[in-house]
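The chains referred to below are lettered A, B, ... by the order of the sequence lines, with proteins before strands, and numbering in each begins at 1. Owing to the predicted nature of the structure, the values given are computational and were not obtained by experimental measurement.
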Number of protein chains: 2
Amino acid sequence: MATRKDVAALAGVSTATVSHVINQTKYVSDELRAKVLSAVEELNYVPNYAAQMMTTKKTNQITMLVSDISNPYYGEIAAGMEEVTRQNKYVLSISSTEGTPDNYITTIIERQTDGVFVAVTNHIYSSEIIEKLTRQRIPVVVATSSEAIEYDEMVSTISVNYATAMENMLTYLYDMGHRNTAYLVGLEEGSDDTRITLFDRFQHELGFNTDRQLVVFGDFPYRTNFESGYTSMNKLLERDLDFTAVFCTNDLMAFGAIKAIREANLRIPEDVSIIGCDNIFFSETSDPPLTTISIPKRELGRRVVELLFGAIEKKRLTSSRVNGELLIRASTGPVGNKKTEGR
Amino acid sequence: MATRKDVAALAGVSTATVSHVINQTKYVSDELRAKVLSAVEELNYVPNYAAQMMTTKKTNQITMLVSDISNPYYGEIAAGMEEVTRQNKYVLSISSTEGTPDNYITTIIERQTDGVFVAVTNHIYSSEIIEKLTRQRIPVVVATSSEAIEYDEMVSTISVNYATAMENMLTYLYDMGHRNTAYLVGLEEGSDDTRITLFDRFQHELGFNTDRQLVVFGDFPYRTNFESGYTSMNKLLERDLDFTAVFCTNDLMAFGAIKAIREANLRIPEDVSIIGCDNIFFSETSDPPLTTISIPKRELGRRVVELLFGAIEKKRLTSSRVNGELLIRASTGPVGNKKTEGR
DNA sequence: GTGAAAGCGCTAACAC
DNA sequence: GTGTTAGCGCTTTCAC
């Protein structure tokens, strides 16, 4: 593997000159620059990143820490991140924390990532992660839906504004005659998710029958995936309460819920209306197409990286916000003649 | 940021000793080891990876180069890779090559990734990528479905055995009365995909009406996503041929095809049976649930990393193979009374 | 068993 | 404009 020294020798210049033409860090005469370039070409020279990293103390690497990379929601966010990350010659690395996140953090710190996006749904883990990261002065962007939390100065937040979408959703349900709507949260009770508060608030304001029993929290380790949706829905069905609509923390859970509902011999939407969140790609093609709160995922991903760059370069921190939007499809409808013998 | 030197000073030992206890590379007396450890603890010391990289010439990093990270198929493979990658203290980085891959490769080479998994569907690009990588002596694993290609000694292959699944699929279709089945390839003509060959072969053997017009290749840049499925299906419909079943290169394309079919006022499966490939998560919940060739994605991801490790450590190369399996769901059925006025 | 010291490949002063 | 050189933090012989 050719080094900068070899190039310098071949081109008959000093190593510093080579550096300067490669990094365009100082003006070098056309003549020498040409020599250097051709030497680079000839030797098939590629700068050694590790060495560069060591002197500059920058890795040009950003990492995404995610609970579940196989959730396409994060896949699309990652695609958005990748886009701007790449344009800026950064590298995106992805860590999936299925379980406790301890080891990842050490890795991230060792690798001296320039910034990390914490997209971990488990609240306890994520605050732990954030703390460890900020202690090392690593810029962090957190996905939060709550503005209530106080973060360290190293952290910026990206959040989704759910207020309008949640209000629209509940108004829509109300207008369709729904008065008892459940919520499959998946997360632990006490999670800092604005949607929970918004759900309560708008239910009160609009005149729904509110019953905490209709809100189903998850079990450790608090996943929000297909299985979790399936389990939560079954939990809800066992409670034997009246409900005609179910809102789920995300589309994946909604699909799990749909499975459970069908197994219980209930029809969608005639017996139960289902609403998801995220609008992942498949919600459009699913059976039935899913009513959901759409989130601009790619845009969100781009924003995250911009936020991180801001923190890395200017050391100036801000927050960013993206809007959720209700998308009505076939999984919801008016309250119908419920098959009461269904369960 | 504490360095090894600080630790050595605090512990009252040499830097070498610190290295030895951290890397367990030589026996160090319990007494000193304890001192070192507590110094590490106290200083919150974390080894600098860049420095380590520089001396060891290893990055402990593996890269996945993928055409489309938002395709959940790759998401699941990535999850499998991440699993073993993590267990071995490696880092997984993901690059999405939407468009020409030139720049990524340079990045990968600069970063001196220890190994890369090339999951790029575009054949021309992928061979170019492989060449550049192997020229730098970087171990590569390629996803191929063809055994025909001769690769450099630095490349191992992971392949899916489609033979049985393809035969089962076509037999199944034949038994259902289908005689004209189309194939939406998405890729360019001449792609090294065994499925194309297998499709032809079994169609002949079983006695289908074969007509190359029923095989639809893609257009540059040869994507195999939803849009591509939609476009290809429309292309097929315009050809105005008889067909009662359509096989698609992957589930994403199948969903795109389904959209086009519905827009043409055709019913699934009464008028057209649809078969996908991959069995991504949503194929189970889609409308209709998709008949598809299932691939053990996580397992595949794990194997890829193992292959890469083999290449990195022992410099011994092998190949690995995983089996596809036909999964019959509701998007296929017997040839019915086709609504000929449908298009 | 422990330590000194020579690099690894590059950057960035600083001289020339 | 171009070259010299002192590190960056760590690993690893090789002495002791």
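Among the nucleotides C:dG1, D:dC10, D:dC8, the one closest to the side chain of B:S29 is C:dG1. Minimum atom distance to the side chain of B:T56 is reached by D:dT11, of the listed C:dG9, D:dT11, C:dG1. Counting only heavy atoms from C-beta on, A:Y27 has its side chain closest to D:dG1 among D:dC10, C:dC10, D:dG1.
Judged by distance alone, with hydrogens and angles left aside, the side-chain atoms of B:D6 form a donor-acceptor pair with the main-chain N or O of B:T3 at under 3.5 Å.
When the C1' atom of D:dG9 is taken as reference, atom CE of A:M53 falls 11 Å away, rounded to whole Å. Taking atom CG on B:N23 and atom P on D:dT12, their separation rounds to 8 Å, with Å as the unit. One atom, CE of A:M54, and another, C1' of D:dT11, lie 12 Å apart when rounded to the nearest Å. Residue B:E110 contributes atom CD, which lies 10 Å from atom P of C:dT11 at whole-angstrom precision. For the pair B:K58 NZ and C:dC8 C1', the computed distance is 16 Å after rounding to whole Å. Atom pair A:R111:CZ and D:dG9:P shows a separation of 18 Å (rounding to whole Å applied). In this structure, the CD1 atom of A:I22 is 11 Å from the C1' atom of C:dG9, given to the nearest Å. If you measure from atom CG of B:D6 to atom P of D:dC8, you get 11 Å, rounded to the nearest angstrom.
Pairs passing the side chain to side chain donor-acceptor pair (under 3.5 Å) check and including a residue from residues 15-39 of chain B, sequence neighbours excluded, read B:R4-B:T15, B:S14-B:T17.
Comparing B:E31 and A:A50 by the nucleotide of DNA chain C whose heavy atom lies nearest to each, the residue mapping closer to the 5' end is B:E31.
Partners of B:Y49 by side chain to side chain contact (heavy atoms under 4.5 Å, CB included), not counting sequence neighbours, listed by chain and number: A:E110, A:R111, B:Q52, B:M53, B:N60. With sequence neighbours excluded, no residue forms a ring pair (Phe, Tyr, Trp, His ring centres under 6.0 Å) with A:Y45. With sequence neighbours excluded, the residues forming a ring pair (Phe, Tyr, Trp, His ring centres under 6.0 Å) with B:Y90 are B:F309, listed by chain and number.
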Working for salt bridge (charged side-chain N to carboxylate O under 4.0 Å, His left out), residues A:R303 and A:E306: CA-CA 5 Å; A:R303 298 260 193 108; A:E306 281 157 13; 5.3 Å; no
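Looking at heavy-atom distances under 4.0 Å, B:S19 makes contact with a base. No engagement by A:Y49 is indicated, since no non-hydrogen atom pair under 4.0 Å with the nucleic acid exists.
Between B:V13 and B:V18 there is a side-chain heavy-atom pair separated by less than 4.5 Å. At least one side-chain heavy atom of A:E153 sits under 4.5 Å from a side-chain heavy atom of A:R137.
Side-chain N/O atoms of B:T113 and B:T63 include a donor and acceptor closer than 3.5 Å. The closest side-chain donor-acceptor pair between A:S319 and A:S156, if any, does not fall under 3.5 angstrom.
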Short N/O separations, protein against nucleotides 3-5 of chain D, under 3.5 angstrom:
{"residue": "D:dG3", "atom": "OP2", "partner": "A:S14", "partner atom": "N", "Å": "2.9"}
{"residue": "D:dG3", "atom": "OP2", "partner": "A:S14", "partner atom": "OG", "Å": "3.4"}
{"residue": "D:dG3", "atom": "OP2", "partner": "A:T17", "partner atom": "OG1", "Å": "2.6"}

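B:K57 has a side-chain polar atom (N or O) that falls below the 4.0 Å cut-off from OP1 or OP2 of C:dG9. Residue A:N48 places none of its side-chain N or O atoms closer than 4.0 Å to OP1 or OP2 of C:dC8. OP1 or OP2 of D:dT11 sits under 4.0 Å from a side-chain N or O of B:Q52.
Over its length, the helix from C:dG1-D:dC16 to C:dC16-D:dG1 turns its helix axis by 40°, as judged from the five terminal pairs at each end, rounded to 10°.
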